[in-house]
Amino acid sequence: MNTDYDIAVVGGGLAGASLACALSGSGLRIALIEAVAFDAPVDENMKARTTALAWGTRAMFDQLGLWSAMAEDAAAIERLHVSQAGYFGRVTVDAAEYDLPALGYVVPNLTMIAVLRERLAGMDHVDTIAPAAFESLAYRGDAAVELTLAEGEGKRRLTTRLVIGADGTHSKVRSALGIGATVDDYGQSAIITKAHTERPLAGCAYERFTPDGPVALLPFVHDTAAVVWTVPTDEARRLLDSSDDDFTAELQARFGDRLGRLTLAGPRGAYPLARVLCDRAWSHRAALIGNAGHALHPAAAQGFNLAIRDALGVAAALREHQQLDGAAFDPGDADHLAAWAESRRPDQHRVANFTDRIVRLFSNRVPGLGHVRGAGLFGLSLAPGVRGGMARRSMGLALLDDTAMRRSDRRMNS
């Protein structure tokens, strides 16, 4: 049957917008549906949000022609320093070890959103429908999905051959598809802000683990540091409501004096932390990407990079099948969706489990475990092979290598 769109992406945030941009020139009719108007006022929480992009994610954005505009507000992470409060042992990683100018970059979320939306505005095959809230879906035969949206005071219905859920941790698309999810509440919240440091970070990102959660200070523009401070949820509101001086004093006590005196340099915001893993990433004419399929703790800064690999991975798979199938191409083909989901599963599970183990290992007050962790960090610093493998995975380089190899194999076999 004829449909209004080939693909409807529910969620116009970073993952959903990146997917739509990655399909530029494909000729596919795309609807990008977002519950909040693109020109809505920005809240303080969003103003404080920054994201650490791994080198592999930066490379993906560069391939799409998006990175140069993002780079204007990006700060390079040239080195990484990991330690735990009160114990010996540390791990350091330097981009020069891998012949790269940076391990990754810290970019304001608002900058990335602005760049993506500017690109979308010039794509005539993408219709942005915002504000419009997803309400439900229903199948129309075997070939189409009908979406019902709340738009203003009325309803809007549209049909599509494929629906992509990119609507976040509490995904309504996931619920409408009847896909379950395992939710592990960490009982923690991440406080985000910016700070001036007495001594410059000089391109070094610091992650310091405490029994209550990690404190990360990351290089940022204008001689400031982006702060991601994990605390028990019942402590988050008190810290957000405290005076600047009291807040900074507690942050200083948790992080230590390695960078000298800290001074608050931006608004504060917070969001709760939980691990969310969906039971499966696809259903009939539907797929889940980003936090709709898996939400992670910010320790090790892997969640966003995983989400972008989902988004750009499904775009690449759609393009490949479109080229192979020609006029018979169906973006909602079950075999293609299943193959994409299966190809993403190892990366998703590895990153989710790795992040969860870090959180549970370091957010633990078992007597004597601090010394064991310290010995582990010290041992890791002396094992360049193991440390290098972890670094390449964290930077997304191993995934880029695997993807290139698979594509080469397919070309040789075709």
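When reading the values below, keep in mind they use all heavy atoms of this one structure, side chains included, and skip hydrogens, waters and symmetry mates.
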State whether the side chain of [X] and the backbone N or O of [Y] hold a donor-acceptor pair below 3.5 Å, judged by distance alone.
X	Y	result
Thr224	His196	no
Glu250	Leu239	no
Arg174	Thr169	yes
Thr193	Pro267	yes
Arg275	Tyr186	no
Asp6	Arg29	yes
Gln252	Gly260	yes
Arg285	Arg161	yes
Asp73	Thr111	no
Ser24	Cys21	no

Practice task
Go through Thr92 and Arg79 one step at a time and tell me if the side-chain contact (heavy atoms from CB on, under 4.5 Å) criterion holds.
Solution key: CA-CA 7 Å; Thr92 59; Arg79 293 175 304 283; over 6 Å; no
Between atom [atom1] of [X] and atom [atom2] of [Y], what is the distance when rounded to the nearest 0.5 Å?
X	Y	atom1	atom2	answer
Asp310	Asn291	CG	CG	9.5 Å
Leu277	His349	CG	NE2	6.5 Å
Asp167	Ile289	CG	CD1	9.5 Å
Leu23	Leu318	CG	CG	6.0 Å
Leu149	Ile33	CG	CD1	5.0 Å
Arg49	Tyr271	CZ	OH	4.5 Å

Problem - Residue His170 excluded, over 12 heavy atoms near NE2 under 6.0 Å - result: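 Counting other residues, nucleotides and ligands, NE2 of His170 stays at 12 neighbours or fewer.
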Exercise for the section: State whether the number of non-hydrogen atoms from other residues, nucleotides or ligands found under 6.0 Å of Arg238 atom CZ is greater than 12. Expected result: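 Above 12, so yes.
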Practice task
Determine, stepwise, if the pair Leu240 / Ile191 fulfils side-chain contact (heavy atoms from CB on, under 4.5 Å).
Solution key: CA-CA 8 Å; Leu240 290 177; Ile191 296 178; 4.2 Å; yes
Check [X] against [Y] and note the closest heavy-atom contact, atom names and distance.
X	Y	answer
Gly12	Leu32	CA-CD1, 4.0 Å
Ala311	Ala15	CB-O, 3.5 Å
Ile113	Leu14	CG1-CD2, 3.5 Å
Pro131	Ala37	CB-N, 3.7 Å
Tyr139	Val145	CE2-CG2, 3.6 Å
Ile77	Ala205	CG2-CB, 3.7 Å

Handout entry: Residues which pass ring pair (Phe, Tyr, Trp, His ring centres under 6.0 Å) with Phe329, listed by chain and number, not counting sequence neighbours
Key =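 So Phe329 forms no ring pair (Phe, Tyr, Trp, His ring centres under 6.0 Å) with any residue.
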Heavy-atom check, side chain of [X] versus side chain of [Y], under 4.5 Å:
X	Y	answer
Arg258	Leu217	no
Asp325	Asp330	no
Tyr206	Ser83	no
His321	Asp333	no
Val82	Phe209	yes
Leu64	Leu312	yes
Tyr98	Trp55	no
Arg309	Met60	yes

Exercise for the section: Verify the distance criterion only: is there a donor paired with an acceptor across the side chains of Thr3 and Thr160 at less than 3.5 Å? Expected result: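 There is no such pair between these side chains.
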Handout entry: Steps toward side-chain contact (heavy atoms from CB on, under 4.5 Å) verdict (Asp127, Tyr5)
Key = CA-CA 9 Å; Asp127 289 341; Tyr5 296 97; 2.7 Å; yes
Problem - N-O pairing of Arg199 and Asp257 below 4.0 Å - result: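 Asp257 and Arg199: not salt-bridged.
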Exercise for the section: Would you please test Leu53 and Ile308 for side-chain contact (heavy atoms from CB on, under 4.5 Å) and show each step? Expected result: CA-CA 10 Å; Leu53 272 63; Ile308 293 301; over 6 Å; no
